[in-house]
Undergrad: 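I have a structure here, written as structure tokens, and I will follow up with some questions on it.
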Amino acid sequence: MKDLLNITIGALISVSALATAAYADGVDQLPASEKKIYQIVDPQIPLGPSAYKDFKPKKGPPWKIGYASSYAGNTWRAAALDAVMNDLLPRSKKAGLVSDVVVTQSDLKDAVQIQQMRQMVDDGVDAIIICCSNVTALNQTIEYAHKAGVPVFSFSGYVTSPYAINGAANHAQGGAEMADWLAGRIGKKGNVLLVSGIPGFASSDSFDKAAKEALAKYPDIKIVGEVAGKWTDQVAQVEVQKFLATNPSQIDGILTQGAQENGVLNAMLQSGRPMVPITLGGEASAACYWRKNPDWVNASFHIWPPRREMQQMWEIMLRTLEGQGPKVQTFLRPVLPYTIEDVRAAIPEDCDLNSTDFIEPKADGWFPAAVADQYFERPADPWKPVK
């Protein structure tokens, strides 16, 4: 754990260029324990006060919710949707808070997602959750929803519209911490392959920017290639295989975003090259390989836990609809390290190297109620029926 603390401190120093000199009014209202999460951020991420401090919904519960996802083709998205349909929605129905969820996916087409969101507004939804979109493409549509009294919540990423609420892990911090860890693991020298998510999407770009800033302080480390895994194991595996086949130079470590590390791992296993350290972000399949090869790496990081991130945004949404008054436009969570002991506790010794599941923080470990309360003007239990 001491090593992980040193990694965190190193990351904070290495990407100081990303830190904001002063907070906007929104983050200024948070306690010091939460403000520190915002010390390393993407410079575009909105840090001001929420437009929904005094928001009152058009009607009381139960509310109809729209979920406009930009993509459905990976295990991470499947886990997030599963959290909605098999946990959050049933609980909300039982509490009399939500009547239904309308789900769409746009296959990474901004114009399609815009049309889907506008249709949701016109059809009378009370709030919309969007997932992992371009930071500016949806802004006019988000304003359209706002004018109709429909708040929009950007889950696991951010948009720059002042009329949205963003909720995610701090992906910039994650990129910095993973990069610093990988640098230390390969002895602060060597060749690194960077496997991005979906370039142009907020969480992917924030991660990459901070990771590159962190690696830049190591003069003997060189990023020798960049490929896009699109947060999908099958895509990442193909792209890494193509890179390895056409670039015979030595690779000493691979820095990859989450929901694709198993594809990267399989590409290395099938390449015939010696295994190298790969950053891990929660896929149970890659964690299984670590469990069976405990000396491979010595740390991993919760940056994109799909069910926990969705629960965080769902509860932010409920609190906002209940009139609790969000203080900030962007809710960030810190990166949480996890160890081989956590992996052993989460998956059995005969674990599945092809599992599509995720290792995640405990339900109350990502955005506990005591922490969430500090982000709202009038905090209350979001799961109690509104009177």
Undergrad: Do the non-hydrogen side-chain atoms of Val195 and Val227 ever get within less than 4.5 Å of each other?
TA: yes
Undergrad: Apply side chain to side chain contact (heavy atoms under 4.5 Å, CB included) to residues Val152 and Tyr163 and explain how you reach the verdict.
TA: CA-CA 7 Å; Val152 174; Tyr163 304 112; over 6 Å; no
Undergrad: Would you find a donor on one side and an acceptor on the other, under 3.5 Å apart, between the side chain of Thr330 and the backbone of Leu47?
TA: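 Looks like no, no N/O pair under 3.5 Å.
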Undergrad: Quick check: is Ile165 connected to Tyr144 through a chain of hydrophobic side chains (ILVMFWY, heavy atoms under 4.5 Å apart)?
TA: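 Yes; Ile165 is reachable from Tyr144 via cluster members.
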Undergrad: Please check this pair: side chain of Ser69 against backbone of Cys131, looking for a donor-acceptor N/O pair closer than 3.5 Å.
TA: no
Undergrad: Less than 4.5 Å apart, any side-chain heavy atom of Val102 and any of Asp123?
TA: no
Undergrad: Hey, does the side chain of Trp296 reach the backbone of Val276 with a donor-acceptor pair shorter than 3.5 angstrom?
TA: yes
Undergrad: Report yes or no: does Trp304 contribute a side-chain atom to a donor-acceptor pair with the main-chain N or O of Gly281 at less than 3.5 Å?
TA: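 A pair under 3.5 Å: no.
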Undergrad: State plainly whether one hydrophobic cluster holds both Trp366 and Leu30, where clusters connect Ile, Leu, Val, Met, Phe, Trp and Tyr through side-chain heavy atoms under 4.5 angstrom apart.
TA: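 The answer is yes; both residues are in one hydrophobic cluster.
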Undergrad: Kindly say whether Lys109 contributes a backbone atom to a donor-acceptor pair with the side chain of Asp107 at under 3.5 angstrom?
TA: no
Undergrad: Quick one: does any side-chain atom of Asn191 pair with a main-chain N or O of Gln250 as donor and acceptor, under 3.5 Å?
TA: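 Side chain of Asn191 to backbone of Gln250, a donor-acceptor pair under 3.5 Å: yes, one is there.
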Undergrad: Measuring only between side-chain heavy atoms, which start at C-beta, is Leu89 closer than 4.5 Å to Tyr67?
TA: no
Undergrad: Stepwise, does the side chain to side chain contact (heavy atoms under 4.5 Å, CB included) test hold for Ile303 with Met178?
TA: CA-CA 10 Å; Ile303 303 177; Met178 276 191 166; 3.7 Å; yes
Undergrad: Which heavy atom of Ala80 sits nearest a heavy atom of Phe155, and at what distance?
TA: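 Shortest heavy-atom separation between Ala80 and Phe155 comes out as CB-CZ, 3.8 Å.
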Undergrad: Under 4.5 Å between side-chain heavy atoms, counting indirect links through other Ile/Leu/Val/Met/Phe/Trp/Tyr residues: same cluster for Val235 and Ile254 or not?
TA: no
Undergrad: Of all the heavy-atom pairs spanning Glu322 and Lys384, show the shortest one and how long it is.
TA: OE2-O, 4.1 Å
Undergrad: Should Arg333 and Val371 count as side-chain neighbours, where that means a heavy-atom distance under 4.5 Å?
TA: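 They are in side-chain contact.
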Undergrad: For the pair Ser300 (side chain) and Leu280 (backbone), establish whether a donor and an acceptor sit closer than 3.5 Å, ignoring hydrogens and angles.
TA: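 It does not hold such a pair.
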Undergrad: Is a salt bridge present between Arg307 and Asp357, judged by a nitrogen-to-oxygen distance below 4.0 Å?
TA: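 Salt bridge: yes.
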Undergrad: Determine, stepwise, if the pair Trp383 / Glu315 fulfils side chain to side chain donor-acceptor pair (under 3.5 Å).
TA: CA-CA 8 Å; Trp383 293 98; Glu315 292 182 351; 2.9 Å; yes
Undergrad: For the CD1 atom of Ile129 and the CD1 atom of Ile65, what is their distance to the nearest 0.5 Å?
TA: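 Between Ile129 CD1 and Ile65 CD1, I get 7.0 Å after rounding to 0.5 Å.
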Undergrad: Looking at every heavy atom in both Gly73 and Thr232, which two are closest together, and how far apart are they?
TA: O-CG2, 3.5 Å
Undergrad: Assigning hydrophobic clusters by single linkage (Ile, Leu, Val, Met, Phe, Trp, Tyr; side-chain heavy-atom cutoff under 4.5 Å), is Val264 placed with Ile251?
TA: yes
Undergrad: Might you point out which heavy atoms bring Glu283 and Asp233 nearest each other, and give the distance in Å?
TA: OE2-OD2, 2.7 Å
Undergrad: More than 12 non-hydrogen atoms from neighbouring residues, nucleotides or ligands closer than 6.0 Å to NZ on Lys56, yes or no?
TA: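 Counting other residues, nucleotides and ligands, NZ of Lys56 stays at 12 neighbours or fewer.
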Undergrad: Go through the steps to decide whether Ser156 and His171 satisfy the test side chain to side chain contact (heavy atoms under 4.5 Å, CB included), and finish with yes or no.
TA: CA-CA 9 Å; Ser156 195; His171 298 115; 4.2 Å; yes
Undergrad: For Tyr375 and Phe367, take the angle between the two ring planes, folded into 0 to 90°, and tell me which bin it lands in: parallel under 30, tilted 30 to 60, perpendicular over 60.
TA: perpendicular
Undergrad: Check for a donor-acceptor pair, side chain of Glu261 on one end and backbone N or O of Gly282 on the other, with a separation under 3.5 Å.
TA: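 At least one qualifying donor-acceptor pair exists.
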Undergrad: Is there a donor-acceptor pair closer than 3.5 Å between any side-chain N or O of Arg291 and the backbone N or O of Ile347?
TA: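 Yes: the side chain of Arg291 pairs with the backbone of Ile347.
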Undergrad: Around atom CD of Glu377, are there more than 12 heavy atoms from other residues, nucleotides or ligands closer than 6.0 Å?
TA: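 Check passes, neighbour count above 12.
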Undergrad: Rounded to the nearest 0.5 Å, how far apart are CG of Leu182 and CG of Leu255?
TA: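 So the gap between those two atoms works out to 6.0 Å.
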Undergrad: Check which hydrophobic residues are tied to Leu108 through side-chain heavy-atom contacts below 4.5 Å, counting indirect links as well, and list them.
TA: Tyr71, Ile198, Phe201, Trp231
Undergrad: Heavy-atom count check: over 12 atoms from other residues, nucleotides or ligands less than 6.0 Å from Lys188 NZ?
TA: no
Undergrad: Rounded to the nearest 0.5 Å, what separation is found between the CD1 atom of Ile114 and the CD1 atom of Ile142?
TA: 9.5 Å
Undergrad: When you look at CD of Glu349, are more than 12 heavy atoms from neighbouring residues, nucleotides or ligands closer to it than 6.0 Å?
TA: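 Incorrect, the count does not exceed 12.
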Undergrad: Would a line drawn from the ring center of Phe331 to the ring center of Phe153 be shorter than 6.0 Å?
TA: no
Undergrad: So do the side chains of Pro361 and Leu336 get within less than 4.5 Å of each other, counting heavy atoms only?
TA: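 Yes, at least one pair of side-chain atoms sits under 4.5 Å.
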Undergrad: Rounded to the nearest 0.5 Å, how far apart are CG of Asp364 and CZ of Arg308?
TA: 8.5 Å
Undergrad: In this structure, are over 12 heavy atoms from other groups packed under 6.0 Å from Lys292 atom NZ?
TA: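 Check passes, neighbour count above 12.
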Undergrad: Would you indicate whether the side-chain heavy atoms of Arg319 and Asp373 approach each other to under 4.5 Å?
TA: yes
Undergrad: Parallel, tilted or perpendicular for Trp181 and Phe301, by the 30°/60° rule?
TA: perpendicular
Undergrad: Working to the nearest 0.5 Å, report the span between CE of Met268 and CG of Leu244.
TA: 6.0 Å
Undergrad: Under 4.5 Å between side-chain heavy atoms, hopping through other hydrophobics if needed: is there a path connecting Met85 to Trp76?
TA: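 Yes; Trp76 is reachable from Met85 via cluster members.
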Undergrad: Test Ser196 against Glu226 for side chain to side chain donor-acceptor pair (under 3.5 Å), laying out the working first.
TA: CA-CA 7 Å; Ser196 299; Glu226 297 183 40; 4.7 Å; no
Undergrad: To the nearest 0.5 Å, what is the distance between CG (Asp122) and CZ (Arg118)?
TA: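 Those atoms lie 8.0 Å apart.
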Undergrad: Run the side chain to side chain donor-acceptor pair (under 3.5 Å) check on Gln44 and Lys209 step by step: do they pass?
TA: CA-CA 12 Å; Gln44 291 190 86; Lys209 180 179 176 66; over 6 Å; no
Undergrad: Considering all heavy atoms of both residues, which atom of Phe376 and which atom of Thr320 are nearest to each other, and what is their separation?
TA: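 Looks like CE2-OG1, 4.2 Å.
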Undergrad: Assess whether side chain to side chain donor-acceptor pair (under 3.5 Å) is satisfied between Asn266 and Gln241, documenting all intermediate values.
TA: CA-CA 9 Å; Asn266 284 332; Gln241 284 175 328; over 6 Å; no
Undergrad: Would you check if the side chain of Thr256 reaches a backbone N or O of Thr279 as a donor-acceptor pair within less than 3.5 Å?
TA: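 Checked: no pair found.
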Undergrad: Would you call Asp87 and Arg91 a salt bridge, using N to O less than 4.0 angstrom?
TA: yes
Undergrad: Apply side chain to side chain contact (heavy atoms under 4.5 Å, CB included) to Ile186 and Ile221, showing your working.
TA: CA-CA 9 Å; Ile186 65 175; Ile221 289 181; 4.1 Å; yes
Undergrad: Does Phe55 have any ring-ring contact (aromatic ring centres under 6.0 Å, His included) partners at least two apart in sequence or in another chain, and if so, which?
TA: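 Once residues adjacent in sequence are excluded, the partners of Phe55 under the ring-ring contact (aromatic ring centres under 6.0 Å, His included) criterion are Tyr52.
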Undergrad: Do you know the tightest heavy-atom contact between Ala169 and Leu332?
TA: O-CD2, 3.9 Å
Undergrad: Any non-hydrogen side-chain atom of Ile130 less than 4.5 Å from a side-chain atom of Gln113?
TA: yes
Undergrad: Within the 4.5 Å heavy-atom criterion, are Val238 and Gln234 side-chain neighbours or not?
TA: no
